[in-house]
Amino acid sequence: MSKVTGTAPASTFATQPAKDMANAIRALAMDAVQAANSGHPGAPMGMADMAVALWSRHLRHNPANPAWANRDRFVLSNGHGSMLIYAVLHLTGYKLPMEELKNFRKLHSKTAGHPEVGVTPGVETTTGPLGQGITNAVGFALAEKLLAAEFNREQAIVDHHTYVFLGDGCLMEGISHEACALAGAWKLNKLIALYDDNGISIDGQVAPWFVDDTAARFRAYQWNVIGPVDGHDADAVDSAIAQAKTSADKPTLIICKTHIGQGSPNRANTAKAHGEPLGAEEIKLTREAIGWPHAPFVIPKDVYAAWDAKATGKTAEAAWKETFAAYKKVHPKLAKEFVRRMKGELPANFQQTALEAVVAAHTKGETVASRKASQLALEAFTAALPELLGGSADLTGSNLTNTKSTPNFRVDAAGAVVQTANANGDMVGGRHINYGVREFGMAAIMNGVALHGGFIPYGGTFLTFSDYSRNAIRMAALMKQRVVHVFTHDSIGLGEDGPTHQSIEHAASLRLIPNLDVWRPADTAETTVAWAVALQNTDKPTALLLSRQNLPYSPKGDSKLAAEACGLESISKGAYVLAEPSEVGAKGKAKAVIIATGSEVQLALKAQALLAADKIAVRVVSMPSTTTFDRQSADYKAAVLPKGLPRVAVEMGSTDGWWKYGCTAVVGIDTYGESAPAPVLFEHFGFTPENVATAVRTAIDSK
């Protein structure tokens with residue numbers, strides 16, 4: 001296979017000592033934090049020499065095109081040290097002018113307190129919550145490995161590394177254990193992490209509370225471990241990275257011994273260097289100590305020249321384009337598919353695939369749990385979309401995230417992706433990930449996969465355990481990434497496992513996360529629509545809340561609804577009129593509206609029938625996605641929920657979120673559950689048609 005190397009020519013380094021290149025980072029970090037009167041100067045000052053070694057001697061990137069598909073990825077996992085990446089991006093030639101560094105941490109600047117993807121050119125992922133950056137990086141490396149196995153032929157069009165800087169805090173966070181153990185199991189040899197081992201955190205010397213043998217820990221994960229090396233010797237770090245790149249079957253951790261606030265006479269090796277400005281006097285002393293006589297935010301031309309990566313970046317990308325052009329001539333279909341996948345575009349026939357899946361759901365009208373309905377939808381979508389990459393946190397048989405098109409991902413002893421025959425007889429790599437009992441790690445790895453491009457990741461666990469995943473879910477929403485969370489066993493309906501596993505507050509809690517779509521579908525049709533919408537959500541993640549218990553298909557009695565692509569159009573708006581009074585025998589206009597989600601839609605329909613027998617006309621609205629419905633026009637919302645009619649919401653969960661719809665009553669549960677069979681629990685907690693009907697009568701009477 002042809003290779004594309006990104007190592008800069010040796011002559012680049014002869015013109016300017018690496019020491020001055022590192023001191024440019026130190027100076028910019030000191031000056032920006034001082035100007036903002038806020039920030040973390042110590043980590044950038046300590047990692048500056050590491051950055052010189054990586055960014056000027058190994059990292060393959062092009063400042064003129066931060067989105068180049070085969071670039072190396074760099075993740076600053078200890079994101080509080082954001083001035084390191086801002087300084088390096090500026091110095092190497094990205095569109096990050098000095099004015100942005102001067103505006104560090106200011107409103108609407110491109111230099112936020114922590115690096116944010118989509119805000120700063122060259123930033124690959126939003127970091128700050130410690131441990132998630134290294135976990136995102138595992139996702140990057142996994143995506144690279146899978147894409148390489150799928151697309152590389154005579155030419156290696158996917159061939160890049162993922163580099164990570166991380167600190168003590170990242171290693172103390174439990175998620176780093178989850179992610180790094182998986183990286184070793186998956187033999188992600190293109191993943192290289194550089195550990196800024198300075199022994200300092202906010203509370204001071206970490207020795208009293210961080211006594212891990214980090215090297216032994218990572219060797220146990222099946223990683224290569226190099227070092228300790230002197231993290232302030234760029235040549236030593238350079239050699240370690242070169243050694244790490246030779247690994248054929250293991251990720252590598254390079255332990256770099258450093259001093260936080262390196263160069264500061266009075267703040268180095270202290271917690272004070274971590275998260276506060278050095279102060280004008282200490283900055284003056286530091287400039288003298290490191291031999292940096294230049295004024296704040298002034299970088300000499302020769303230092304800029306030494307850092308400038310525009311020419312080498314252009315050359316590296318041009319070489320890859322030449323490789324890709326040769327590949328395209330021999331494999332035009334694969335080349336076209338690779339471009340589509342990396343752009344994040346769905347196949348041209350996606351709408352037809354979605355429509356056929358929804359029509360099939362309506363036609364069959366199956367009574368199945370919505371977790372099974374999800375699997376039925378996935379059978380259609382995974383067959384049509386090779387970019388769908390599934391998984392489960394050790395609950396595949398319960399979450400039902402596997403399909404005929406998604407064999408399990410496995411690697412052989414040499415680290416190669418195991419190929420198996422798919423339904424068409426083609427040899428393909430695995431597309432279903434066994435994450436083990438690692439919900440948080442799974443969620444953050446999926447974020448990394450989505451950020452890398454080429455795949456749409458989805459993964460499953462029980463809804464109750466979304467608590468473990470929550471911060472990674474939030475980060476996906478913040479970063480606007482297309483990630484799908486399959487949360488099953490969504491209520492007290494899971495039964496005997498009891499309150500530890502019964503979700504009460506989780507639906508309401510997830511709905512509070514901005515830019516996260518939450519769906520709780522009631523039947524096979526709604527579940528299929530939910531999947532179709534999730535796959536089209538290019539700028540937000542989705543959470544699907546699915547039942548363990550069987551749910552009957554709800555006939556869509558409204559003729560207009562049936563005509564609108566079998567409900568695809570109306571259901572996709574998050575809420576719709578499922579049943580009018582005339583459809584159940586009651587005459588006249590509705591006197592109230594019952595709003596229900598998921599399994600409780602059946603309660604609403606049965607309550608509607610009970611009320612109809614007493615000549616009380618009630619409309620039933622199914623609202624599978626409150627977050628989607630809330631984005632609709634005022635006219636549409638008014639058509640679904642007419643003004644002046646009492647509204648009663650029904651959901652087996654916390655009631656708080658339903659009052660915003662002007663409900664007179666909410667049939668819900670604001671306590672923890674109990675351990676008993678599901679039907680017993682429904683009766684005990686009042687989830688019966690009779691109780692819902694009573695709530696409606698009371699609401700009408702109180703109007």
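Everything numeric in this text was worked out from a predicted model, so none of it was measured.
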Take Thr403 and Thr382 through the side-chain hydrogen bond (donor to acceptor under 3.5 Å, both in side chains) test and state the conclusion after the steps.
CA-CA 7 Å; Thr403 71; Thr382 56; 2.9 Å; yes
Would you say Asp517 and Thr542 are linked by a side-chain donor-acceptor pair, where the criterion is simply a distance under 3.5 Å?
no
Counting distance only, does the side-chain N/O of Trp320 pair as donor-acceptor with the main-chain N or O of Trp68 below 3.5 Å?
no
Taking atom types as modelled, is there a side-chain donor on His161 or Lys245 under 3.5 Å from an acceptor on the other?
no
Looking at side-chain heavy atoms only, is the closest gap between Leu182 and Tyr221 below 4.5 Å?
no
Quick one: does Pro386's side chain get under 4.5 Å of Arg341's, heavy atoms only?
yes
Under a plain distance cut-off of 3.5 Å, with no hydrogens placed, do His432 and Tyr458 share a side-chain donor-acceptor pair?
no
Here the gap from His90 atom NE2 to Met83 atom CE, rounded to the nearest 0.5 Å, amounts to 9.0 Å
Do the non-hydrogen side-chain atoms of Phe462 and Thr488 ever get within less than 4.5 Å of each other?
yes
Side chains of Val339 and Phe324: does their closest heavy-atom pair fall under 4.5 Å?
yes
Heavy-atom side-chain contact between Tyr86 and Glu100 under 4.5 Å
no
Does the side chain to side chain contact (heavy atoms under 4.5 Å, CB included) test come out yes or no for Thr135 and Glu178, once each step is laid out?
CA-CA 8 Å; Thr135 311; Glu178 299 182 24; over 6 Å; no
Would you mind reporting whether His452 and Leu147 have side-chain heavy atoms less than 4.5 Å apart?
yes
The criterion is ring-ring contact (aromatic ring centres under 6.0 Å, His included); which residues satisfy it with Phe440, sequence neighbours excluded?
none
Between Asp539 and Asn515, what is the shortest heavy-atom contact and its length?
O-ND2, 3.0 Å
More than 12 heavy atoms of other residues, nucleotides or ligands under 6.0 Å from NZ of Lys250: yes or no?
yes
Asp196 side-chain N/O to Leu166 backbone N/O, donor-acceptor pair under 3.5 Å
no
Not counting sequence neighbours, list each pair that qualifies as a salt bridge (Lys or Arg N to Asp or Glu O under 4.0 Å) and has a residue in residues 132-145.
Glu144-Lys190
Criterion side chain to side chain contact (heavy atoms under 4.5 Å, CB included) on Ile433 and Trp186, from CA distance to verdict:
CA-CA 10 Å; Ile433 311 295; Trp186 296 337; 3.3 Å; yes
Nearest heavy-atom contact between Asn78 and Gly167 is ND2-N, 3.8 Å
Taking Ala532's backbone N and O only, do any of them form a donor-acceptor pair with Gln536's side chain (distance below 3.5 Å, no angle check)?
yes
Counting only N and O atoms by type, is there a donor-acceptor contact under 3.5 Å from the side chain of Thr127 to the main-chain atoms of Leu76?
yes
For the student: nearest non-hydrogen atoms of Ser176 and Ile134, plus distance:
CB-CG2, 4.3 Å
Are the side chain of Arg73 and the backbone N or O of Arg71 linked by a donor-acceptor pair below 3.5 Å?
yes
Contact check, side chains of Leu510 and Thr627, non-hydrogen atoms, under 4.5 Å
no
Decide whether Gln352 and Glu356 meet the rule of one side-chain donor and one side-chain acceptor closer than 3.5 Å.
yes
To the nearest 0.5 Å, tell me how far Thr162 OG1 sits from Phe74 CZ.
11.5 Å
Looking just at side-chain N and O atoms, do Ser109 and Thr111 make a donor-acceptor pair shorter than 3.5 Å?
yes
Taking the side chain from Tyr327 and the backbone from Asn152, do they hold a donor-acceptor pair closer than 3.5 Å?
no
Could you tell me whether the side chain of Thr126 and the main chain of Val117 form a donor-acceptor pair under 3.5 Å?
yes
Between Phe465 and Phe487, does a ring pair (Phe, Tyr, Trp, His ring centres under 6.0 Å) hold up when you go through it step by step?
CA-CA 8 Å; Phe465 303 143; Phe487 293 127; 9.9 Å; no
Atom of Ala51, atom of Val88 and distance for their closest heavy-atom approach:
CB-CG2, 4.1 Å
Where the side chain of Arg474 meets the backbone of Ile513, is there a donor-acceptor pair that is under 3.5 Å apart?
no
Check this for me: does any side-chain nitrogen of one of Glu387 and Arg482 sit under 4.0 Å from a carboxylate oxygen of the other?
no
Hey, mind stepping through Lys321 and Glu317 against salt bridge (charged side-chain N to carboxylate O under 4.0 Å, His left out) and telling me if it holds?
CA-CA 6 Å; Lys321 285 182 175 178; Glu317 184 176 359; 3.7 Å; yes
Supply the atom-to-atom distance Ser466 OG to Leu545 CG, rounded to the nearest 0.5 angstrom.
8.0 Å
Pairwise distance CG(Asp72) to CG(Asp159) - rounded to 0.5 angstrom
9.0 Å
Ser392-Thr401 side chain donor-acceptor pair, cut-off 3.5 Å:
no
Taking all non-hydrogen atoms of both residues into account, name the closest pair between Ala534 and Val484 and its distance.
CB-CG2, 4.1 Å
Using a 3.5 Å distance criterion without hydrogens, assess whether the side chain of Asn136 forms a donor-acceptor pair with backbone atoms of Ala444.
yes
Pair Leu194-Ile241, side chain to side chain contact (heavy atoms under 4.5 Å, CB included): steps then yes or no:
CA-CA 9 Å; Leu194 288 82; Ile241 296 171; 4.0 Å; yes
To the nearest 0.5 Å, what is the distance between CD1 on Ile192 and CD1 on Ile226?
8.0 Å
Determine, using ring centers only, whether Phe151 and His331 are less than 6.0 Å apart.
no
Value rounded to 0.5 Å, distance of CZ in Phe381 from CG in Leu346:
9.5 Å
Just so I know, are the side chains of Leu142 and Phe455 near enough to count as touching, which here means a heavy-atom distance under 4.5 Å?
no
Do you know the tightest heavy-atom contact between Pro121 and Leu89?
O-CD1, 3.4 Å
Checking Ser625 side chain against Val518 main chain: does a donor-acceptor pair fall under 3.5 Å?
yes
For His485 and Met446, run side chain to side chain contact (heavy atoms under 4.5 Å, CB included): C-alpha distance rounded to whole Å, both residues' side-chain angles, the deciding distance at 0.1 Å, then the answer.
CA-CA 9 Å; His485 295 274; Met446 289 197 296; 3.6 Å; yes
